[in-house]
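For reference, the structure is listed below as structure tokens.
In this text the structure is predicted, and so the values were computed from the model without any measurement. Throughout, residue positions are numbered sequentially from 1 according to the sequence presented.
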Amino acid sequence: IIASDTALFLSMYPDFNISKIIATPFLPLKNSGDSVILRDQNNYTVFNFYYSDSLPWIRAADGTGRTMELQETEVDNFTLPQSWITSCMYGTPGNPHVSCNEPLVISEINYNPSGTSGEWFELYNTSNETINIGGYKIKDHKENNVFILPNDIAIEPGNYFVIAADTLLFSSIHEPIKNVTGNFTYNLSDNNEVIRVYTPNDSIVYSVWYDDTNGWPTEADGNGKTLE
């Protein structure tokens with residue numbers, strides 16, 4: 001692993017073998033896009049690799065707690081955007097990509113409602129333990145758009161919790177449910193948007209990036225359906 005700060009890296013991955021980390025002052029890499037050039041001892045260029053946070057590159061790795069990971073079947077094509085995928089939360093440094101096993105996920109999004117329910121999205125506890133989400137912070141792509149959940153919220157294993165822009169509008173359309181809270185005051189974008197979930201101490205625990213093009217279902221964009 002080549003890291004900009006060994007101590008900071010180990011604070012996130014404390015079990016990582018420190019002997020396999022090389023620290024360099026030439027990082028950090030630019031968020032919007034940058035080149036990574038590897039040269040040998042004779043200054044011969046081994047590869048020159050460029051990435052970006054704009055299409056066709058993966059946008060979900062920019063400030064969401066996730067990384068870009070090269071697909072094992074695409075090693076020979078690593079300079080191509082389509083050879084990369086979005087990682088699980090926090091990535092898998094030193095290991096191959098694995099199926100994600102994230103305890104808290106966003107399982108449904110109504111970002112452009114055609115009716116009068118208002119915007120809302122749903123959290124789902126995939127784990128076998130109760131997750132206390134009291135005081136958690138919800139952000140979209142803007143850092144100053146923050147909704148703080150009430151302190152007395154917990155999600156039981158296998159259960160859901162809805163975060164609504166307007167709980168009265170939501171309840172007027174959907175049958176009364178216990179696990180719903182609001183009201184967040186910012187609007188989710190109808191395209192190219194991210195929803196990020198943070199703990200009260202600002203550690204990101206989950207994120208999802210969605211769109212209304214590039215393979216995403218168009219029916220969820222104002223046509224009465226949701227992303228699920």
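- Residues Ile155 and Leu123 meet the side-chain proximity criterion, which asks for heavy atoms closer than 4.5 Å.
- Side chains of Asp140 and Asn145: a donor on one and an acceptor on the other come within 3.5 Å.
- We find the CD-CD1 distance between Gln82 and Ile58 to be 10.5 Å, quoted to the nearest 0.5 Å.
- Smallest separation of non-hydrogen atoms from Lys137 and Asp202: NZ-OD1, 2.8 Å.
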| said: Please determine whether side-chain contact (heavy atoms from CB on, under 4.5 Å) holds for the pair Thr92 and Ser87, giving the CA-CA distance in whole Å, both sets of side-chain angles, and the decisive distance to 0.1 Å. | reply: CA-CA 8 Å; Thr92 58; Ser87 75; 5.8 Å; no

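- A continuous path of ILVMFWY side-chain contacts below 4.5 Å connects Leu10 to Tyr90, so both sit in one hydrophobic cluster.
- By the 4.5 Å heavy-atom criterion applied to side chains, His97 and Glu72 are not counted as neighbours.
- In this structure, Ile2 places its CD1 atom where only 12 or fewer heavy-atom neighbours from other residues, nucleotides or ligands lie under 6.0 Å away.
- Between the Ser127 side chain and the Pro103 main chain, no donor and acceptor come within less than 3.5 Å of each other.
- Here the straight-line distance linking atom OH of Tyr13 with atom CG of Leu8 works out to 10.0 Å at 0.5 Å rounding.
- Heavy atoms only, all atoms of each residue included: Glu69 and Cys88 are closest at OE2-N, 4.5 Å.
- Annotation: the span from Ser52 atom OG to Lys30 atom NZ amounts to 12.0 Å, rounded to 0.5 Å.
- Among all heavy-atom pairs drawn from Asn110 and Gly118, the shortest one is ND2-O, 3.7 Å.
- Counting non-hydrogen atoms of other residues, nucleotides and ligands closer than 6.0 Å to CG of Asn128 gives a total of 12 or fewer.
- Side-chain contact annotation: Glu102 with Thr126, donor-acceptor N/O pair under 3.5 Å absent.
- Taken to the nearest 0.5 Å, the OG1 atom of Thr67 stands 10.0 Å off from the CE atom of Met89.
- Under a hydrophobic clustering in which Ile, Leu, Val, Met, Phe, Trp and Tyr are joined whenever their side-chain heavy atoms come within less than 4.5 Å, directly or via other members, Leu38 and Ile1 fall into different clusters.
- The line from CD1 of Ile22 to NZ of Lys20 is 12.0 Å long, rounded to the nearest 0.5 Å.
- No more than 12 heavy atoms of other residues, nucleotides or ligands lie within 6.0 Å of NZ in Lys225, so this atom counts as exposed by the packing criterion.
- Here the side chains of Ile195 and Tyr210 are in contact, with some heavy-atom distance below 4.5 Å.
- Between Tyr198 and Tyr136, a ring centre-to-centre spacing not shorter than 6.0 Å is recorded.
- Looking at heavy atoms from C-beta onward, Tyr186 lies out of side-chain contact with Lys142 at the 4.5 angstrom threshold.
- The one candidate from Phe147, Phe161, Phe170, Phe184 that meets the ring pair (Phe, Tyr, Trp, His ring centres under 6.0 Å) condition with Trp120 is Phe170.
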| request: Evaluate the criterion side chain to side chain donor-acceptor pair (under 3.5 Å) for residue pair Glu122 and Ser107; output intermediate values, then yes/no. | output: CA-CA 6 Å; Glu122 175 187 80; Ser107 53; 2.5 Å; yes

| task | Take Thr167 and Thr181 through the test side-chain contact (heavy atoms from CB on, under 4.5 Å) and record every step on the way to the result. | result | CA-CA 6 Å; Thr167 54; Thr181 192; 5.5 Å; no

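- Counting heavy atoms from C-beta outward, Thr64 and Trp209 have side chains that approach closer than 4.5 Å.
- Two different hydrophobic clusters hold Ile106 and Val194 under the rule that ILVMFWY side chains link at heavy-atom gaps under 4.5 Å.
- Thr226 and Glu108 are linked by a side-chain donor-acceptor pair at a separation below 3.5 angstrom, with hydrogens and angles left out of the test.
- The aromatic ring centroids of Phe121 and Tyr111 lie 6.0 Å or more from each other.
- No side-chain heavy atom of Ile153 sits less than 4.5 Å from a side-chain heavy atom of Asn132.
- Taking a cutoff of 4.0 Å between a charged side-chain nitrogen and a carboxylate oxygen, Arg59 and Glu193 do not qualify as a salt bridge.
- Note: the hydrophobic cluster containing Leu104 does not contain Val98 (ILVMFWY, side chain heavy atoms under 4.5 Å, direct or indirect links).
- Looking only at side-chain heavy atoms (C-beta outward), Pro93 and Phe9 come within less than 4.5 Å of each other.
- Ile37 places none of its side-chain heavy atoms less than 4.5 Å from the side chain of Phe47.
- In this structure, CD on Glu219 lies 11.0 Å from CG on Asp212, to the nearest 0.5 angstrom.
- Heavy atoms only, all atoms of each residue included: Pro217 and Leu227 are closest at CD-CD2, 3.8 Å.
- Criterion: ILVMFWY side-chain heavy atoms under 4.5 Å apart, direct or through other members. Under it, Val36 and Ile21 are not part of a common hydrophobic cluster.
- When every heavy atom of Pro157 is checked against every heavy atom of Thr130, the shortest pair comes out as CD-OG1, 3.7 Å.
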| said: Apply side-chain contact (heavy atoms from CB on, under 4.5 Å) to residues Ile138 and Leu149 and explain how you reach the verdict. | reply: CA-CA 8 Å; Ile138 310 296; Leu149 299 181; 4.3 Å; yes

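- The nearest pair of heavy atoms linking Leu169 to Ser172 is O-OG, 2.6 Å.
- A donor-acceptor contact under 3.5 angstrom links the side chains of Asp221 and Asn112, judged on distance only.
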